[in-house]
Amino acid sequence: MRRLRQGLRLVRFFVALGGGVLLAGLVFLAESLARRELQALRQRLSQRFMGWLVAALPFRLELSGQLPEQPMLWVANHVSWTDIPLLGQLAPLSFLAKAEVRQWPLAGWLAQCAGTLFIRRGAGDGLLLARRIAERLGGGCPLLVFPEGTSSDGRQVLPFHGRLLAGAIEAGVPLQPVALRYMRLVDPLAPFIGEDELPAHLLRLFAADHAVLRIQLLEPIASVGGQRSSLARQARAAIEAALGDEPRTDRQAA
């Protein structure tokens, strides 16, 4: 039964990737005709693509809080690559990713077509990055960043990098903190960390029983007049507090 379930999910996953290629082609055609980038269109089509990917994943979502009605910089703790489609299906969003992702076969191209902003670690381009984030936010396109800068096992929230929040201050838009809790702790299903290899991770993921992902949209944090370091601490504290309110058991799964 597990093998059958695994095979069906893999088929659905690759069908979703094929759909993403078609949507990327639509973006290319529309932007060629318009002779400009259409970020809002990219985000809407990306949201649809994320929904297709989520349909192949073994997670059931429990969502609490209000979806923002204005562009904000979403900030979330980071556990796995699955965070991206599971959050991206909720609203039209763009993401921030490390520059290496752009070189990944297919995934990098799809990320670029979706409007992802790529960041080079330690490259000293903080001002340029802040300006690009501010331009997106000021243009009405919300963004999501993972200020920890890496994924974790979900048991703790790593320190937030404040420079990723500078664009929100420049654009004068609030932060939208998001707390993610995968309800499977001893038998980690979602985390993609350390020396984990993607093929083995995908096979384990697609063979698994359904698990619950709790997404909490917390109270927005005003950025006007703020300092990026203090905003980073405030957002991290809000997410830590939300996760700390959850009961921690040895094993919780759907």
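All values below come from the heavy atoms of this structure, side chains included, with hydrogens, waters and symmetry mates left out.
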I'd like to know if [Y] and [X] are part of one continuous hydrophobic network [Ile/Leu/Val/Met/Phe/Trp/Tyr, side-chain heavy atoms within less than 4.5 Å].
X: L67; Y: I84; answer: yes
X: L106; Y: L202; answer: yes
X: L180; Y: L63; answer: yes
X: W81; Y: F14; answer: yes
X: F206; Y: L61; answer: yes

Spatial distance of atom [atom1] ([X]) from atom [atom2] ([Y]) [nearest 0.5 Å]:
X: R228; Y: L165; atom1: CZ; atom2: CG; answer: 9.0 Å
X: F95; Y: Q43; atom1: CZ; atom2: CD; answer: 9.5 Å
X: R60; Y: R214; atom1: CZ; atom2: CZ; answer: 9.5 Å
X: E170; Y: R131; atom1: CD; atom2: CZ; answer: 7.0 Å
X: L90; Y: I215; atom1: CG; atom2: CD1; answer: 5.0 Å
X: I239; Y: F160; atom1: CD1; atom2: CZ; answer: 4.0 Å

Minimum heavy-atom distance [X]-[Y], with the two atoms named:
X: I221; Y: L231; result: CG2-CD2, 3.8 Å
X: T150; Y: H78; result: O-CB, 3.6 Å
X: R5; Y: A207; result: NH2-O, 2.9 Å
X: P142; Y: L137; result: CA-CD2, 4.1 Å
X: L175; Y: M72; result: O-SD, 4.3 Å
X: Q39; Y: C141; result: CB-SG, 3.6 Å

Residue pair [X] / [Y], side-chain heavy-atom distance below 4.5 Å:
X: Q70; Y: P174; answer: yes
X: L110; Y: L23; answer: no
X: L129; Y: I133; answer: yes
X: L96; Y: F146; answer: no
X: Q176; Y: V178; answer: yes
X: V101; Y: F118; answer: yes
X: L213; Y: R181; answer: no
X: L38; Y: R36; answer: yes

(request) Take F49 and V54 through the test side-chain contact (heavy atoms from CB on, under 4.5 Å) and record every step on the way to the result. (result) CA-CA 9 Å; F49 171 54; V54 168; over 6 Å; no
Answer yes or no: is there a donor N or O on one side and an acceptor on the other, between the side chain of [X] and the main chain of [Y], under 3.5 Å?
X: E31; Y: E37; value: no
X: R136; Y: S94; value: no
X: Q216; Y: A179; value: no
X: R12; Y: A55; value: yes
X: S223; Y: G172; value: no
X: R102; Y: G108; value: no
X: E148; Y: H161; value: no

(message) Before you tell me yes or no, could you show the steps for L17 and L53 under side-chain contact (heavy atoms from CB on, under 4.5 Å), namely the whole-Å CA-CA distance, both residues' side-chain angles and the distance that decides it to 0.1 Å?
(response) CA-CA 8 Å; L17 289 180; L53 285 178; 4.3 Å; yes
(message) Can you see whether T82 engages Y182 through a side-chain donor-acceptor pair at a distance of less than 3.5 angstrom?
(response)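 Their side chains do contain a donor-acceptor pair, which is all the 3.5 Å distance test asks for.
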(message) Would you say that more than 12 heavy atoms from the other residues, nucleotides or ligands in this model lie under 6.0 Å from the CD of Q227, or not?
(response)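 No, because the 6.0 Å sphere around CD of Q227 holds 12 heavy atoms or fewer from other groups.
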(message) If you count heavy atoms of other groups shown closer than 6.0 angstrom to CZ of R48, is the number above 12?
(response) no
(message) One thing to verify: whether R236 and E240 come together as a salt bridge, which I'm taking to mean a side-chain N less than 4.0 angstrom from a carboxylate O.
(response)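 Result for this pair is yes, salt bridge flagged.
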(request) Dump the intermediate steps for side-chain contact (heavy atoms from CB on, under 4.5 Å) on L86 and F59, then the final yes or no. (result) CA-CA 9 Å; L86 288 162; F59 297 108; 4.0 Å; yes
(request) Decide side-chain contact (heavy atoms from CB on, under 4.5 Å) for Q112 and T116; before the verdict, give the C-alpha distance in whole Å, the side-chain angles of both, and the deciding distance to 0.1 Å. (result) CA-CA 5 Å; Q112 185 172 1; T116 299; over 6 Å; no
